[in-house]
Protein chains: 2
Amino acid sequence: MFVSTATNGIDAKGRVSVPAGFRSNVSGGPFDGIYVWPSFDGPWLEGGGQALMDDYLEMIEAMDPYDEARQALEQSIFGAARTLSFDANGRITLPKDLAEHAGLDGKATFVGLGRRFEIWNPDSHARRATSARAFAKENKLKLRRPSRMTEAG
Amino acid sequence: MFVSTATNGIDAKGRVSVPAGFRSNVSGGPFDGIYVWPSFDGPWLEGGGQALMDDYLEMIEAMDPYDEARQALEQSIFGAARTLSFDANGRITLPKDLAEHAGLDGKATFVGLGRRFEIWNPDSHARRATSARAFAKENKLKLRRPSRMTEAG
DNA sequence: TTGTTTCCCATGAAATCCCATGTTATCCCA
DNA sequence: TGGGATAACATGGGATTTCATGGGAAACAA
């Protein structure tokens, strides 16, 4: 699972080290690298390994073929995703358009979120992390096991 | 299950022995170590094994993807967690920022809480334990077995 | 050619591994 | 049940490896 947050430098060639913990999490797949695409929710990137893409495929294929939402998801995820493979030192080269979408300049922050991860501009991420923590605290958020008896939505 | 409380020393390298009872509780997992992250509720650390994180992931993924609470929890738990693996002697190395968050300096108190545990500054923990006991006594708290029939969330 | 991408090697810092040791708890046998 | 033997645990320090990063050379494309 993808956990923790790390900020690595982007060099003049657009290369950035993927955190070691993320790399070991995708090792064993059919290709040695990750999938990355622009979030359709805001200025950051989404990413994951083969397992994530398999899951997404399965979820999308469960939808009606003529569902507009299905087509939008297919286009926004599979159509937009890139396969970025690791070099010998565990780096990927970020395509310019992806770096632009996320406003990346010199540094990139990798955020593990369990099954997937995100790549952020460090400053933007710091602001978002702060507000997320504040929200969690203010609202006394607690994880609660969904009731298996009632299963009320 | 994580139970009991133990205080161990933090050496110059930031290493601290995880209580043996905690270690045996997470052995057998895919990696030999624990997950630790800063509580968003106060100056202590939260921790658990793979099973806990799997549960949390399941609970979070049951929430709506655009729920602000979900994003806050994802960020504050998975984004903030570290995988700390045991060395040959059962120690972890506490990252500086985690030690700072919990005000740890030289010693750390591990508090077993069933499915998860907390790591405290020993002095802070002593104060908190005292007030917790007082609260329990004042309020005549009683443990009550939940009804298995209703299970209302 | 000219710019871009991929591969390879070098390096400093940081994390991890390995060995040694005292102390405490547990076991076993009389 | 006492007491010595044994194993488990917590701790300390040096050596080794991993990791992130930089730059050059070779392969490729325009």
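Residue numbers begin at 1 in each chain, while the letters A, B, ... track the order of the sequences. Just so you know, these numbers use all the heavy atoms, side chains as well, and skip hydrogens, waters and symmetry mates. Computed from a predicted model, the values in this text were never measured in an experiment.
- Straight-line distance from the CG atom of A/Asp87 to the C1' atom of C/dA10: 14 Å, rounded to whole Å.
- Between the P atom of D/dA8 and the CZ atom of B/Arg91 lies a distance of 18 Å, rounded to the nearest Å.
- When each of D/dG12, D/dG22, D/dC9 is scored by its nearest atom to the side-chain atoms of A/Asn89, the top-ranked nucleotide is D/dG22.
- Here the CH2 atom belonging to B/Trp120 is positioned 9.5 Å from the CZ atom belonging to B/Arg127, to the nearest 0.5 angstrom.
- No hydrogens or angles considered: nothing links the side chains of A/Tyr35 and A/Glu46 as a donor-acceptor pair under 3.5 Å.
- In this structure, B/Arg23 reaches the D/dA10 phosphate: one of its side-chain N or O atoms is under 4.0 Å from OP1 or OP2.
- With rounding to whole Å, B/Lys107 atom NZ is found 11 Å from D/dA10 atom C1'.
- Counting only N and O atoms by type, the side chains of B/Gln71 and B/Asp67 include no donor and acceptor under 3.5 Å apart.
- In this entry the distance linking CG of B/Asp32 with P of C/dT16 reads 13 Å, nearest Å.
- Of the residues listed (B/Leu104, B/Thr109, B/Val16), the one engaging B/Ile119 in a side chain to side chain contact (heavy atoms under 4.5 Å, CB included) is B/Leu104, and it is the only one.
- For B/Ile92 and C/dA14, the CD1 to C1' distance is 17 Å, given to the nearest whole Å.
- Donor-acceptor pairing under 3.5 Å, judged by distance alone, is present between the side chain of B/Lys13 and the base of D/dG14.
- The CG atom of B/Leu94 sits 13 Å away from the P atom of D/dT11 (whole-angstrom rounding).
- Between B/Arg82 atom CZ and C/dA15 atom P the separation is 10 Å, expressed in whole Å.
- With hydrogens and angles disregarded, no donor-acceptor distance shorter than 3.5 Å links the side chain of B/Ser76 to the backbone of B/Leu73.
- Across the interface with DNA chain C, nearest-nucleotide mapping of A/Lys96 and A/Ala88 shows A/Lys96 to be the residue nearer the 5′ end.
- Atom CZ of A/Phe86 and atom C1' of C/dC8 are 19 Å apart (whole Å).
- OP1 and OP2 of C/dA14 both lie 4.0 Å or more from every side-chain N or O belonging to B/Arg15.
- Taking the side chain of A/Asp11 as heavy atoms from C-beta on, and the options D/dT11, C/dT16, D/dG22, the nearest nucleotide is D/dG22.
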